[in-house]
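These notes concern the structure reproduced below.
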Amino acid sequence: MITSKLPNVGTTIFTQMSQLAVEAGALNLSQGFPDFDGPQALRDAVGRHIASGHNQYAPMTGLPTLRQQVAAKITRCYGVEVNADTEVTITPGATQAIFCAIQAVVQRGDEVIVFDPSYDSYEPAVALAGGRCVHVQLNRDDFAIDWQKLGDALSPRTRMIILNAPHNPSGALISRAELDQLAALIRDRDIYLVSDEVYEHLVFDGVRHVSVLAHPELYQRAFVVSSFGKTYHVTGWKTGYVVAPPTLSSELRKVHQYVSFCGVTPLQYALADFMAEHPEHVDELPAFYQAKRDLFCDLLRPSRFSFTRVAGTYFQLMDYSQIRPDLNDLDMAIWMTREYGVAAIPVSVFYQDPPQGQRLVRLCFAKREETLRQAAEKLCVI
Ligand code: PMP
Ligand code: GLN
């Protein structure tokens, strides 16, 4: 009998709900991915690079041209300089970047603070490093950090804090004042940060994303992670990056080189070309997704769901207390998928200890207008 190293891990909710959506012939607003393609020029570039022989291993740390594009984008967006050679590493997806950052610094017996609701990949990565997650709940109403709870959760064993803003599943942002408060709280402690910023370019209503990259004190102890999958509408390319100071990057690279060695070569060439030719793509993303959020929310106004428009990400939380308060959120998500043809993600799966009576499901609005209209029509009759 094998002794599982991850005894509490099953198949992720994203896989379960996407499978159920297919079985039920439902519109899949559960797992987060666009139902439209990335830019034509980007897809054409991949074909061009495959045809022209860019098919062997990329450098372990990532193609220099792509790392330079990432560094240039960071300077443009956040006004800070990072060294493309020593601070930027390309990985096969943000998930792998997060995994490697955790393996690089978390030792047996260490504690890692995660904020619930928290993304599902953090805890298994901590467990495999021999560490233990300490779950701190975000505020129930606005999903902001509860500083009292965070302070209480810190211990001499705390080795890492995992931040995620814009936040999946709530869409909540983090402010400069909150980063300052965090910096003050951990100033004299030996604590590293993973800042999961994969939705950095999906921030609405004229607000700008506050990156840990632009907070010099926090950056000194941080691994800042992003994903080309979200930014360029190509989640299936599984290509991301991590930016960290040279000493942290060099520890992370020791892990990365034995987890995968390098990212996929023609995808890296294509992304580098596209970023050089279309720097405006990231500037246009907020308006692009805000229009989808607003269309979806406007269409859902007559429904019995209650909601507050999200500040970021491509997820909208929906409170269904007025519809089926008798159902827990997993049952609600299954019922909506089977009976009404719209698949959703229950929010309780992102908690160690879900708040009593919370009735929330998450819907992904990274969809074509036609899909959003069809989904809204179905959701309005529930
Ligand atoms: N972090 C969060 C919060 C996410 O939502 C996702 C997207 N699935 C990831 C990390 C992983 O991104 P990637 O697909 O690039 O591995
Ligand atoms: N990040 C995606 C989501 O939150 C899921 C990615 C995955 O299936 N692992 O829906």
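We count residues from 1, following the sequence as given. None of these values were measured; they are calculated from a predicted model. Each ligand, and each atom within it, is numbered from 1 in the order the structure gives.
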Check this for me: R108, atom CZ, are more than 12 non-hydrogen atoms of other residues, nucleotides or ligands nearer than 6.0 Å? no
Answer yes or no: are there more than 12 heavy-atom neighbours, outside E81 itself, under 6.0 Å from its atom CD? no
List ligand 1 atoms under 4.0 Å from S227, heavy atoms only on the residue side. 13 (P), 15 (O)
Quick one: which ligand 1 atoms are inside 4.0 Å of a heavy atom on G93? 15 (O), 16 (O)
Check whether the ring centres of Y289 and F204 lie less than 6.0 Å apart, and answer yes or no. no
Would you please indicate if the ring centroids of F143 and F115 are separated by under 6.0 Å? no
Please work out whether any backbone atom (N, CA, C, O) or any side-chain heavy atom from C-beta onward of Y199 is under 4.0 Å from ligand 1, and answer side chain, backbone, both or neither. side chain
So for Q96 against ligand 1, with non-hydrogen atoms under 4.0 Å, the contacting part is neither
Could you check whether any heavy atom of [X] sits closer than 4.0 Å to an atom of ligand 1, since that is the contact criterion I want to use?
| X | value |
| --- | --- |
| K230 | yes |
| V198 | yes |
| F14 | no |

Thinking salt bridges, do R309 and D298 make one under a 4.0 Å N-O criterion? yes
Looking at E200 and K73, does any basic side-chain N land under 4.0 Å from a carboxylate oxygen? yes
Establish, yes or no, whether the cationic atom of K367 lies under 6.0 Å from the six-membered ring centre of F33 and within 45° of the ring axis. yes
Can you see whether F288 has K292 sitting over its ring - NZ or CZ less than 6.0 Å from the centre and within 45° of the normal? yes
Report the nearest protein non-hydrogen atom to atom 1 (N) of ligand 2: residue, atom name, distance rounded to 0.1 Å. Y119 OH, 3.1 Å
Before signing off on this row, confirm whether [X] and ligand 1 have an N or O atom pair separated by under 3.5 Å.
| X | answer |
| --- | --- |
| N168 | yes |
| N164 | no |
| T235 | no |

Could you tell me which atoms of ligand 2, counted from 1 in the order shown, lie closer than 4.0 angstrom to a heavy atom of Q31? 7 (C), 8 (O), 10 (O)
Which ligand 2 atoms, with their elements, are less than 4.0 angstrom from a heavy-atom of K230? 1 (N)
For E111, the option from R157, R159, R132, R189 that meets salt bridge (charged side-chain N to carboxylate O under 4.0 Å, His left out): R132
Taking a cutoff of less than 4.0 Å between a non-hydrogen atom of the residue and any ligand atom, is N168 in contact with ligand 2? yes
